[in-house]
Amino acid sequence: MNFESLGLTPALCRALADLGFTTPTPIQIQAIPIALEGRDLLAGAQTGTGKTAAFGLPLLQKLAAGERSRNPRALILAPTRELAQQVHDNLRDYAKHLSLKMAVVYGGVSMLHQTNALRRGVDIIVACPGRLIDHLQQRNVDLREVQVLVLDEADRMLDIGFLPAIRRILAMVPKQRQTM
């Protein structure tokens, strides 16, 4: 089995080949077709099994085929800045043959660069909940056009107390969306 047989576009398959990925992992084989159909998805697998690609590749394909907007069309929430940066970097690598704009948003650094990126317009935001709420309160970002919401390591986010922040964010994204 290869990535093309899962229904991924040539641009994504080319990026994966450039990265040395030729065979999908079990989580990718199970998740990618479901996600490409636009269905909600709940999946779990150990670290290092390719979960980011399992949700990220279908997300990128959907956005690349859709109409552009100044507002984000996908939001990925992650519990730590390290994971948010890692997810952002992976998506950037997978999307290298697509024209999608991304921003990564987390605390512990100046908001200025993040604010500038958000105001220029992005297709995808990878964010930690707390810093995203800071940007929402400052009206630096509008989530009303989000089509895909990903809660990466949702169990960990809940364990470390992000439930109130996640509830606030969920209230700001459309109810009609794909959730993974």
Side-chain angles (χ1 to χ4, degrees), residues 9 11-12 35-42 51-158 160-180:
T9 62
L12 289 171
L36 285 173
E37 291 174 7
R39 293 172 34 203
D40 290 349
L41 177 66
L42 174 63
K51 291 186 299 291
T52 301
F55 69 73
L57 294 167
L59 179 153
L60 293 169
Q61 183 160 309
K62 177 179 184 159
L63 297 184
E67 287 188 36
R68 302 294 301 263
S69 170
R70 282 195 42 77
N71 293 322
R73 296 178 291 145
L75 171 61
I76 302 165
L77 295 176
T80 66
R81 74 174 105 182
E82 294 80 15
L83 182 59
Q85 188 65 57
Q86 179 184 329
V87 168
H88 173 269
D89 293 348
N90 288 161
L91 292 180
R92 185 191 59 223
D93 291 344
Y94 304 151
K96 75 183 215 174
H97 301 295
L98 305 173
S99 60
L100 295 171
K101 295 180 182 179
M102 300 176 211
V104 62
V105 169
Y106 51 76
V109 297
S110 168
M111 285 182 63
L112 184 62
H113 178 69
Q114 297 171 1
T115 298
N116 290 338
L118 294 172
R119 289 189 176 162
R120 280 192 303 270
V122 295
D123 298 292
I124 302 166
I125 296 176
V126 183
C128 292
R131 178 52 64 97
L132 180 60
I133 286 179
D134 293 342
H135 283 288
L136 288 164
Q137 288 173 335
Q138 304 232 349
R139 290 185 166 70
N140 295 334
V141 65
D142 181 344
L143 300 178
R144 289 181 292 186
E145 293 180 44
V146 168
Q147 301 166 18
V148 181
L149 172 67
V150 177
L151 303 171
D152 196 7
E153 295 196 15
D155 55 340
R156 191 160 163 213
M157 282 193 284
L158 297 177
I160 59 178
F162 279 128
L163 183 59
I166 292 170
R167 282 192 172 134
R168 283 183 67 185
I169 293 165
L170 289 176
M172 296 179 187
V173 297
K175 294 197 184 326
Q176 292 294 97
R177 64 176 186 269
Q178 181 179 20
T179 304
M180 296 189 269

- Yes or no on side-chain contact (heavy atoms from CB on, under 4.5 Å) for Val126 and Val105, after CA distance, side-chain angles and deciding distance? CA-CA 6 Å; Val126 183; Val105 169; over 6 Å; no
- With sequence neighbours left out, the residues meeting side-chain hydrogen bond (donor to acceptor under 3.5 Å, both in side chains) with Gln61 are none
- Between Leu60 and Leu91 the two heavy atoms that sit nearest each other are CD1-O, 3.9 Å
- Message: If I take atom CE from residue Met180 and atom CG from residue Leu42, how far apart are they, to the nearest 0.5 angstrom?
- Response: 12.0 Å
- Nearest heavy-atom pair of Arg81 and Gly108: which atoms, and what distance? NH1-CA, 3.7 Å
- Query: Arg39: what forms a salt bridge (Lys or Arg N to Asp or Glu O under 4.0 Å) with it, not counting sequence neighbours?
  - Reply: Glu37
- Task: Using a 4.5 Å cut-off on heavy atoms from C-beta on, say whether the side chain of Thr80 contacts that of Arg156.
- Result: yes
- Task: Quick one: closest heavy-atom pair of Arg68 and Asp123, and the distance?
- Result: NH2-OD2, 2.9 Å
- Considering residues at least two apart in sequence or located in another chain, which fulfil the side chain to side chain contact (heavy atoms under 4.5 Å, CB included) criterion with Pro58? Ile32, Ala35, Leu36
- Message: Within the structure provided, determine whether Leu75 and Val150 are in side-chain contact (heavy-atom separation under 4.5 Å).
- Response: no
- Who pairs with Ala11 by side chain to side chain contact (heavy atoms under 4.5 Å, CB included), at least two apart in sequence or on another chain? Thr9, His97, Leu98
- By side-chain hydrogen bond (donor to acceptor under 3.5 Å, both in side chains), which residues pair with Lys96, not counting sequence neighbours? Asp18
- Note on the structure: Residue set satisfying side-chain hydrogen bond (donor to acceptor under 3.5 Å, both in side chains) with Glu145, at least two apart, ordered chain then number -> Ser69, Asn71
- Task: Give the intermediate values and the outcome of side-chain contact (heavy atoms from CB on, under 4.5 Å) for residues Val148 and Phe55.
- Result: CA-CA 10 Å; Val148 181; Phe55 69 73; over 6 Å; no
- Quick one: does Val141's side chain get under 4.5 Å of Leu132's, heavy atoms only? yes
- Just wondering, are more than 12 heavy atoms of other shown residues or ligands nearer than 6.0 Å to NZ in Lys101? no
- Query: With a 4.5 Å limit on heavy-atom distance, are the side chains of Ile124 and Pro72 in contact?
  - Reply: no
- Query: How would you list, by chain and number, every residue that makes a salt bridge (Lys or Arg N to Asp or Glu O under 4.0 Å) with Asp89, sequence neighbours excluded?
  - Reply: Arg92
- Test side chain to side chain contact (heavy atoms under 4.5 Å, CB included) applied to Ala78 - qualifying residues, sequence neighbours left out: Leu83, Ala84
- Message: Taking the side chain as everything from C-beta on, heavy atoms only, tell me whether Met102 gets closer than 4.5 Å to Val122.
- Response: no
Contacts under 3.5 angstrom, residues 111-119 side chains, donor-acceptor by atom type, not counting sequence neighbours:
unit_1, atom_1, unit_2, atom_2, d
Gln114, OE1, Arg131, NH1, 3.2
Gln114, OE1, His135, NE2, 2.9
Gln114, NE2, Tyr106, O, 2.9
Thr115, OG1, Met111, O, 2.8
Thr115, OG1, Asn140, ND2, 3.3
Asn116, ND2, Leu112, O, 3.4
Arg119, NE, Asn140, OD1, 3.3
Arg119, NH2, Asn140, OD1, 2.6

- Answer yes or no: does atom CD of Gln137 have more than 12 heavy-atom neighbours from other residues, nucleotides or ligands under 6.0 Å? yes
- Listed partners of Thr179 passing side-chain hydrogen bond (donor to acceptor under 3.5 Å, both in side chains), at least two apart: Arg177
- Atom CD of Gln85 and atom CG of Asn90: how far apart are they, to the nearest 0.5 Å? 10.0 Å
- Query: Could you give the distance from CD (Gln178) to NZ (Lys62), rounded to the nearest 0.5 Å?
  - Reply: 5.0 Å
- Message: Restricting to non-hydrogen atoms, name the atom on Ala103 and the atom on His88 that form the minimum distance, rounded to 0.1 Å.
- Response: C-CD2, 3.9 Å
- Message: Measuring only between side-chain heavy atoms, which start at C-beta, is Pro174 closer than 4.5 Å to Val146?
- Response: yes
- Message: In the structure I gave you, are the side-chain heavy atoms of Ile76 and Leu59 within less than 4.5 Å of one another anywhere?
- Response: yes
- Does Tyr94 reach the side chain of Leu100, with side-chain heavy atoms less than 4.5 Å apart? no
Please list every donor-acceptor pair under 3.5 Å in which a side-chain atom of residues 162-173 meets a protein atom from a residue at least two apart or in another chain.
none

- Task: Could you pull out all residues at least two apart from Asp142 that satisfy salt bridge (Lys or Arg N to Asp or Glu O under 4.0 Å)?
- Result: Arg144
